[in-house]
Protein chains: 4
Amino acid sequence: MVANEMWGGRFAGGPGKIMEDITPSIAFDKRLAEQDLAGSRAHVRMLAIQGIVSKEDAEAILKGLETIGGEIAQGKFVFKRALEDIHLNIESRLGEIVGEAAGRLHTARSRNDQVATDLRLWIRQACERAEAGLKALQGALLTQAQSHAATIMPGFTHMQSAQPVTFGHHCLAYVEMFERDRARFADARKRLNECPLGAAALAGTSFAIDREVTARTLGFARPMRNSLDAVSARDFALEYLAAAAISATHLSKLAGEIVQWSSPQFGFVRLSDAFTTGSSIMPQKRNPDAAELIRGKTGRVLGDFVALATVVKGLVLAYGSDLQEDKERVFDAADTLELSLAAMAAMIADLQADAGAMRAAAGAGYPTATDLADWLVRVLKKPFREAHHIAGAIVKRAEEMKVALDKLPLEEMRKLEPAVTDEVFSVLSLEASVASRMSLGGTAPARVREQLVFWGEKLK
Amino acid sequence: MVANEMWGGRFAGGPGKIMEDITPSIAFDKRLAEQDLAGSRAHVRMLAIQGIVSKEDAEAILKGLETIGGEIAQGKFVFKRALEDIHLNIESRLGEIVGEAAGRLHTARSRNDQVATDLRLWIRQACERAEAGLKALQGALLTQAQSHAATIMPGFTHMQSAQPVTFGHHCLAYVEMFERDRARFADARKRLNECPLGAAALAGTSFAIDREVTARTLGFARPMRNSLDAVSARDFALEYLAAAAISATHLSKLAGEIVQWSSPQFGFVRLSDAFTTGSSIMPQKRNPDAAELIRGKTGRVLGDFVALATVVKGLVLAYGSDLQEDKERVFDAADTLELSLAAMAAMIADLQADAGAMRAAAGAGYPTATDLADWLVRVLKKPFREAHHIAGAIVKRAEEMKVALDKLPLEEMRKLEPAVTDEVFSVLSLEASVASRMSLGGTAPARVREQLVFWGEKLK
Amino acid sequence: MVANEMWGGRFAGGPGKIMEDITPSIAFDKRLAEQDLAGSRAHVRMLAIQGIVSKEDAEAILKGLETIGGEIAQGKFVFKRALEDIHLNIESRLGEIVGEAAGRLHTARSRNDQVATDLRLWIRQACERAEAGLKALQGALLTQAQSHAATIMPGFTHMQSAQPVTFGHHCLAYVEMFERDRARFADARKRLNECPLGAAALAGTSFAIDREVTARTLGFARPMRNSLDAVSARDFALEYLAAAAISATHLSKLAGEIVQWSSPQFGFVRLSDAFTTGSSIMPQKRNPDAAELIRGKTGRVLGDFVALATVVKGLVLAYGSDLQEDKERVFDAADTLELSLAAMAAMIADLQADAGAMRAAAGAGYPTATDLADWLVRVLKKPFREAHHIAGAIVKRAEEMKVALDKLPLEEMRKLEPAVTDEVFSVLSLEASVASRMSLGGTAPARVREQLVFWGEKLK
Amino acid sequence: MVANEMWGGRFAGGPGKIMEDITPSIAFDKRLAEQDLAGSRAHVRMLAIQGIVSKEDAEAILKGLETIGGEIAQGKFVFKRALEDIHLNIESRLGEIVGEAAGRLHTARSRNDQVATDLRLWIRQACERAEAGLKALQGALLTQAQSHAATIMPGFTHMQSAQPVTFGHHCLAYVEMFERDRARFADARKRLNECPLGAAALAGTSFAIDREVTARTLGFARPMRNSLDAVSARDFALEYLAAAAISATHLSKLAGEIVQWSSPQFGFVRLSDAFTTGSSIMPQKRNPDAAELIRGKTGRVLGDFVALATVVKGLVLAYGSDLQEDKERVFDAADTLELSLAAMAAMIADLQADAGAMRAAAGAGYPTATDLADWLVRVLKKPFREAHHIAGAIVKRAEEMKVALDKLPLEEMRKLEPAVTDEVFSVLSLEASVASRMSLGGTAPARVREQLVFWGEKLK
């Protein structure tokens with residue numbers, strides 16, 4: 001039997017060959033099999049409770065669905081293009097197994113509310129997987145941060161050395177980003193957790209169904225309140241894709257750092273052989289391939305959001321087949337995000353920081369000039385703007401003499417600001433600078449360690 | 001004084017002409033003036049409490065900031081390109097007003113944490129404006145729904161008549177969408193409501209500041225926990241843009257409906273002269289211009305999200321000037337969204353539904369075929385799939401005879417299914433069909449009225 | 001042998017499990033097999049001509065490549081994930097077939113120039129397929145236009161009836177759009193048709209290769225002039241994607257028209273059963289499924305462009321693994337576009353225009369008001385702006401009297417403009433209106449027929 | 001007079017307040033003033049030639065248009081929101097100047113064909129400006145390349161040192177990219193250079209106009225062949241935006257290189273004070289601000305393309321007000337691109353390469369390992385794969401001994417490959433490596449100099 005035959009008796013001709021290529025979604029929507037079976041189980045149980053189907057029919061259907069679930073799990077189920085989508089594939093097979101009763105399953109529902117239910121269930125799990133993947137990555141970062149709470153590296157702005165920070169502090173910045181990503185997935189999950197089942201084609205149904213029962217059975221917080229909205233809304237998929245695209249920007253940033261840190265110019269970290277690849281032509285290469293792949297892959301998640309947003313923007317109520325595009329975009333984004341999170345967590349766990357290289361780099365470029373300016377404010381009571389000017393002039397002098405700031409003779413400083421005393425040298429070393437950043441959220445190792453305790457608790 | 005001079009004593013040359021074109025952000029970031037002043041007030045008060053600046057200096061600065069606020073409010077403040085951005089414009093003017101003390105304001109902060117604070121404050125308000133705009137639009141839709149809880153119109157899927165629904169039910173579907181949009185802005189607001197101030201350039205500061213005080217003064221829930229994250233994170237702007245882009249898809253849908261409904265082919269609604277425009281050449285035209293403009297404008301919000309996501313994706317920690325792009329994208333999206341929401345609310349309030357045209361359209365295309373199939377299931381106990389086949393064949397017969405389903409003689413139906421009785425006609429009228437959709441969330445007027453009560457309460 | 005082993009002797013460990021998931025591209029780049037073989041054949045022939053490999057080795061390699069080509073064509077070739085990509089899969093198999101000589105094939109090239117060559121060859125063919133698909137679609141539109149050069153339908157602006165046009169004229173508007181799309185693919189093809197082979201890893205090679213020979217053999221216009229550019233440029237892929245995305249907007253428009261025209265409100269066209277689908281619940285439905293699917297699918301092509309542009313934007317010279325994302329985006333866009341073009345051509349060929357319904361719709365809404373205004377200008381010598389005002393007032397009167405413009409009594413018109421004579425009625429019918437639009441490119445059937453001749457020649 | 005009054009006598013009410021905010025486009029479309037005047041001049045001349053308006057009226061109109069042009073040039077023209085757009089602003093002012101005759105200008109045209117003509121004229125110039133801007137940038141790159149044809153720097157793949165290249169070669173890679181960008185703008189210009197004027201509202205006109213004349217007068221290659229297409233097509237704007245977005249990816253890449261090269265970790269280039277900025281807090285900073293701003297700004301061009309593509313995708317024929325969005329996206333992209341090109345050209349001219357730092361960096365990381373492998377192939381006749389293995393092992397040994405490849409004792413090499421002779425050292429220096437890359441397009445200084453001659457000619 002083909003899908004066409006299931007639609008009813010009104011179609012004289014069959015679909016053209018090109019339609020067989022463009023119409024079927026089974027190639028990708030078979031990934032909704034588990035969700036579709038869950039939806040059908042909940043639906044038929046409710047139908048039996050409400051007396052819309054007999055208990056016998058319901059039991060036969062449930063047994064049939066169980067058999068199908070087993071066949072799919074074992075890879076024995078034959079998905080047929082001619083049956084178009086996962087819903088008709090399952091219903092058709094159910095008919096083979098339980099006979100006429102199978103035809104009662106679709107009472108009081110439509111593929112419109114069915115697929116909306118399936119996709120919500122799928123994305124609900126995708127949110128949970130994203131949260132778990134993010135948490136594992138946070139864990140890997142936390143472990144690095146614990147080893148490097150006091151490891152000094154250059155803090156960059158504009159890719160110029162700005163002020164020294166610690167590598168632990170740097171890792172924890174990403175822990176913060178990924179925490180907000182997790183919260184976005186949690187919010188998306190919460191918001192999508194309403195049940196469309198029972199909205200039928202678009203208007204509800206005349207059968208005396210109980211939507212509270214199906215919603216509850218499927219773990220939804222409540223049934224959706226408007227049947228037109230229930231079958232046509234895809235903002236839940238867009239919200240998932242937006243959360244994924246935003247999280248992808250964070251993954252891309254971190255991947256970009258690893259690529260940069262692995263270059264000979266930085267040399268801040270070393271990845272093991274497991275996370276680098278060689279070249280087909282250059283025997284010496286150790287490419288941070290995984291980091292680059294993650295950085296590249298995250299671009300496509302943005303593309304997935306754009307693709308679906310463009311589709312949804314153009315539609316009116318209620319359902320249109322354009323929405324068939326929703327699933328591939330969501331699956332692609334979820335696969336990409338989950339693989340990237342796992343690869344990133346493994347790579348973070350793998351990488352070895354080179355504290356010596358980091359410290360050496362942190363010393364270049366007068367990174368404690370701000371400390372000098374702050375000292376002028378604090379000790380000499382200069383207004384900040386004036387202090388900033390004096391410090392700038394002193395840096396210029398040190399640059400001309402090609403010495404670091406803490407190696408510039410006091411008399412040179414005094415030429416530019418006579419009131420400077422040699423107490424100033426107490427703030428010009430990298431260690432002093434870092435240790436002094438004791439403001440809440442600052443890079444002082446003591447502050448970083450407080451944060452480590454906080455995150456250790458939170459991620460437990 | 002130019003910005004260059006404020007940076008300090010190290011720059012020998014001045015910025016080239018082209019730099020004067022590309023660097024200054026004052027043309028757009030002057031919109032942050034109110035937020036920048038609020039941030040400075042909170043900062044200087046805290047500095048005084050902590051004894052970092054004297055009470056006298058703090059008071060002078062506060063008075064100066066008040067003067068500046070007044071000048072800006074009255075349009076007397078002269079924004080200077082040479083001073084690059086809103087921060088330096090205000091600080092420079094403060095120097096003119098209060099003299100040397102002005103130079104103490106920037107103690108223990110940087111433009112990096114300052115602009116992050118300003119932008120969070122601005123977007124916090126933008127979230128609130130978006131929520132308010134959405135609520136007003138929901139109110140307009142609710143009013144229409146109240147007038148049309150029982151007004152029958154065709155429910156479309158695939159732009160084909162599917163089943164009759166009520167116009168009130170249709171309006172409430174949009175109320176649901178805009179409710180989720182509101183919730184997304186509320187979540188975005190909640191998540192961004194953390195204070196970056198005190199993160200300074202990127203590493204925190206050695207001054208003994210109290211970030212809890214500034215956070216509280218500015219209405220933030222807490223200070224951000226990591227200074228690197230505080231100055232570089234823009235996911236809050238992306239989340240706002242994503243929420244706006246998703247909301248824009250809903251506005252575009254509704255605008256698309258109005259364009260369609262206004263066409264002579266539909267004739268479902270009529271907009272007053274105030275919301276239509278004429279043609280420069282065709283004297284008879286009444287174009288639903290506002291609806292089209294909204295539908296068009298929403299495309300750019302997606303563009304704004306793409307633009308900023310692309311920028312953020314490519315950066316490493318901490319701050320880079322690429323981020324200067326954040327403000328224009330956010331302002332553009334906010335302006336677009338807020339104007340579109342206001343215009344849509346006004347247009348919804350304005351539109352007159354033509355109940356007669358809607359009902360006439362609802363009768364075309366055999367929209368009660370599902371009711372027939374359901375009757376076969378309920379009364380004749382047919383499995384749904386078989387009922388669907390029989391109903392399809394009956395529709396085909398009616399089509400051949402060019403009659404509506406409730407006008408098809410019983411004997412014709414009996415040729416296709418002998419067990420049909422004339423009780424079947426009780427379900428074939430539009431009114432019967434609509435009234436029968438009593439499932440939760442269904443289109444039955446009784447159900448719609450329940451929803452009206454619910455929303456009336458909720459939107460009060 | 002795994003890819004790792006092919007890279008050389010320096011790697012102690014093996015790639016981690018997650019790397020096996022993220023690194024291999026063979027799952028998708030096996031679609032480049034034909035191009036990769038062509039590139040290798042051209043390369044080895046040139047190496048033999050230049051005396052870099054012996055004739056015997058070259059012949060063995062060529063024979064081996066032929067064997068591999070046969071294996072792939074017959075589906076017997078075993079693609080191995082462990083060998084990572086199509087290049088190493090083929091080279092490894094070549095080693096099994098011809099032994100040591102296989103190792104000489106990769107002389108003076110790198111996977112970097114190899115993959116760039118493969119992708120250019122693939123997209124070159126994709127441009128040709130797109131052009132052919134567009135031409136077939138133009139042909140289908142032309143056939144419709146030939147049948148309907150004089151079939152009157154409403155011309156819409158703002159989805160309001162504007163002026164009558166012919167359906168043939170409307171079809172030819174799309175022929176124009178698809179002609180420009182073809183030209184864009186032709187330009188893209190021409191611009192990408194330069195050969196990167198011989199750029200090696202990024203710097204060229206010290207072997208005395210002859211790049212003119214390989215370029216010529218592969219049908220390229222010339223070798224690329226800069227080796228760094230040759231391996232890193234992907235603007236050719238972006239240009240293909242942009243051309244596809246723009247073409248997709250045209251497909252989406254046309255699909256949107258078909259969806260609209262198929263709705264009962266319009267009823268302008270009817271698709272056969274082959275191009276409509278039914279509903280799982282509503283027995284009467286005839287959904288223009290294919291048109292909706294095309295409209296939806298075109299959104300993803302835009303997403304593909306965004307995804308790759310975002311990736312490319314973030315990279316510096318020369319090659320980075322981020323670029324591995326190029327292939328899937330291009331394949332996805334090409335598959336989507338080609339399927340959509342084929343489905344659209346078939347659907348256009350299938351659709352039956354309902355001339356009666358079109359004409360009836362064309363009469364609604366005073367579409368000849370412009371003709372009235374133009375008559376006032378031409379005959380009464382009114383300035384256009386004044387004529388526009390008078391015509392507007394006459395339309396208003398007709399509207400009040402609920403009559404068509406050509407049914408409004410002359411005396412009513414004279415109340416508003418005393419100089420009107422009954423000659424005016426000669427321009428107020430639909431046929432007169434359409435026939436009068438004789439300006440070049442106008443909708444007059446005579447003009448449309450001229451265009452049909454032009455396109456008949458051009459598309460031969 | 002307000003726009004509303006110009007539309008004619010049918011509108012009873014006036015536009016609502018919110019409509020006054022959303023409808024007018026004059027705030028941005030006043031940038032089309034010059035094009036609009038040119039279009040009107042061409043149109044009225046043709047009307048006079050065809051005898052549709054009198055010579056006297058035509059002359060009065062032309063004189064009036066000249067006056068208006070002068071007023072606009074001198075900033076004296078008052079643009080009025082109430083007059084909605086540039087077309088009505090000019091026409092209304094024309095009426096003030098020349099009286100009744102002004103009303104004859106709009107004969108046989110519509111705002112639909114008028115705005116399409118204006119925008120094509122504007123983008124035609126934008127294409128020319130983009131080409132000129134790109135050419136200037138190529139010139140700046142060429143000058144750098146001339147100074148550094150033999151300056152050795154590391155060639156990177158995966159941000160790892162791959163093989164040495166010259167800085168001149170690197171600069172020329174960008175010259176190639178920008179050449180293709182120029183060609184894309186040239187193709188876009190050629191394709192858009194067709195004249196919509198005379199298509200009127202959508203159907204052509206009944207006046208005996210001569211579209212060849214107006215097309216020729218305005219410098220278009222020909223009139224557009226289909227009036228529906230003429231008023232609705234915006235693929236020319238999309239093609240411009242796509243070309244701009246692709247060019248922006250190249251600008252972003254180059255900007256990214258400059259940011260990286262300016263970092264202390266690289267130190268390859270130094271920008272003058274004119275192209276760097278300081279920090280409000282850190283006195284030592286020299287931020288490559290302009291490069292970052294360009295890198296950031298290019299993201300928005302992609303956003304502009306997405307925004308307009310999304311709008312166009314959703315429309316059917318012919319004109320809809322959604323298209324009003326086209327202008328702001330195009331203006332924004334053009335402004336962004338042109339400013340970025342100018343800033344980049346100035347920055348390239350400004351930057352000083354540090355040949356010493358480049359050479360030092362080029363020596364790190366065994367960049368001549370490929371030369372070693374190639375030597376093994378060429379001299380010892382090893383198959384490339386085997387040579388690659390041996391070279392990898394030798395690199396590993398050098399790494400263990402912490403020496404450069406050309407400092408590794410011959411006996412160490414012989415342990416791994418006994419046949420190596422000391423002739424091998426002739427290929428292991430950076431200079432030898434670079435000089436050996438003599439393949440067409442290779443990095444050998446001799447090859448680079450050939451390219452310099454080629455480009456010197458081409459860009460003259």
Side-chain angles (χ1 to χ4, degrees), chain C residues 8-10 100 103-104 106-107 155 157-158 162-163 165 172-173 176 180 187 198 201-206 209 211 223-229 235 238 242 246 249 252-253 256-257 302 309 312-313 316 318-320 374 377 383-386 388-389 392-393 396 436-437 439-443, chain D residues 8-10 100 103-104 106-107 155 157-158 162-163 165 172-173 176 180 187 198 201-206 209 211 223-229 235 238 242 246 249 252-253 256-257 302 309 312-313 316 318-320 374 377 383-386 388-389 392-393 396 436-437 439-443:
Chain C
R10 185 156 142 285
E100 198 198 68
R104 302 198 189 275
H106 209 56
T107 312
T157 58
H158 313 271
Q163 296 173 354
V165 297
L172 288 178
E176 296 283 345
R180 289 191 297 272
D187 282 350
L202 78 162
T205 177
S206 58
I209 60 174
R211 293 185 57 208
M224 290 183 77
R225 281 182 299 254
N226 184 294
S227 60
L228 285 163
D229 181 47
D235 51 317
L238 287 175
I246 294 172
T249 65
S252 178
K253 264 172 190 284
E257 306 241 39
L302 178 60
V312 169
K313 181 199 173 299
V316 291
Y319 186 82
D374 286 354
V377 169
F384 180 77
R385 276 290 164 229
E386 192 189 334
H388 185 272
H389 264 68
K396 199 172 181 186
S436 77
R437 299 284 189 275
S439 54
L440 194 164
T443 200
Chain D
R10 183 155 143 287
E100 199 198 69
R104 303 201 190 274
H106 210 55
T107 312
T157 56
H158 313 271
Q163 296 174 355
V165 298
L172 287 178
E176 297 283 345
R180 289 191 299 271
D187 283 349
L202 78 163
T205 177
S206 58
I209 60 174
R211 294 184 58 208
M224 291 183 75
R225 282 182 299 254
N226 185 292
S227 60
L228 285 163
D229 181 46
D235 51 316
L238 287 174
I246 294 173
T249 65
S252 178
K253 263 173 189 284
E257 305 240 40
L302 178 59
V312 170
K313 181 199 174 297
V316 291
Y319 186 82
D374 286 355
V377 169
F384 180 76
R385 278 290 165 228
E386 192 188 336
H388 185 272
H389 265 69
K396 198 173 183 187
S436 77
R437 299 283 190 273
S439 54
L440 195 164
T443 200

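The shown structure was predicted, so the numbers you read here are calculated from the model rather than taken from an experiment. In what follows, chains are A, B, ... by sequence order, proteins preceding strands, each numbered from 1.
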Heavy atoms, side chains only, cut-off 4.5 Å: are C/R437 and C/Q163 in contact? yes
Would you check if the side chain of C/S439 reaches a backbone N or O of D/I209 as a donor-acceptor pair within less than 3.5 Å? no
C/V316 and D/G256: which non-hydrogen atoms are nearest, and at how many Å? CG1-C, 3.9 Å
Pick from D/S206, D/G198, D/G204 with the largest number of heavy-atom pairs that fall under 4.5 Å of chain C: D/S206
Would you mind checking which part of D/V312 comes under 4.5 Å of any heavy atom in chain C, side chain (CB onward), backbone (N, CA, C, O), both or neither? both
Max heavy-atom pair count under 4.5 Å with chain D, selected residue of C/L238, C/T443, C/D187, C/V377: C/D187
Per-residue contact mode, C/L228 against chain D (heavy atom under 4.5 angstrom): both
List in chain and number order the residues that pass salt bridge (Lys or Arg N to Asp or Glu O under 4.0 Å) with D/D235, two or more places apart in sequence or in another chain; answer none if no residue qualifies. C/R180, C/R184
Please determine, among D/I246, D/T107, D/T205, the option with the most heavy-atom pairs under 4.5 Å with chain C. D/T205
Interface residue of largest heavy-atom contact number with chain C, from D/G442, D/S227, D/P383, under 4.5 Å: D/P383
Heavy-atom cut-off 4.5 Å, strictly under: side chain, backbone, both or neither for D/L302 against chain C? side chain
Tell me, side chain or backbone of C/R211 under 4.5 Å from chain D's heavy atoms, or both, or neither? side chain
Between chain C and each of D/T157, D/T249, D/N226, count heavy-atom pairs under 4.5 Å; write down the option with the most. D/N226
Picking from D/R104, D/H158, D/R225, D/E100, which has the most non-hydrogen pairs under 4.5 angstrom with chain C? D/R225
Once salt bridge (Lys or Arg N to Asp or Glu O under 4.0 Å) is applied, do any residues pair with D/E257, and if so which ones, sequence neighbours excluded? none
If I compare all heavy atoms of D/M224 with all of D/D229, which pair ends up nearest, and what's the gap? CE-OD2, 3.4 Å
Closest-packed option against chain D by number of heavy-atom pairs under 4.5 Å, given C/A318, C/P223, C/G103, C/A309: C/G103
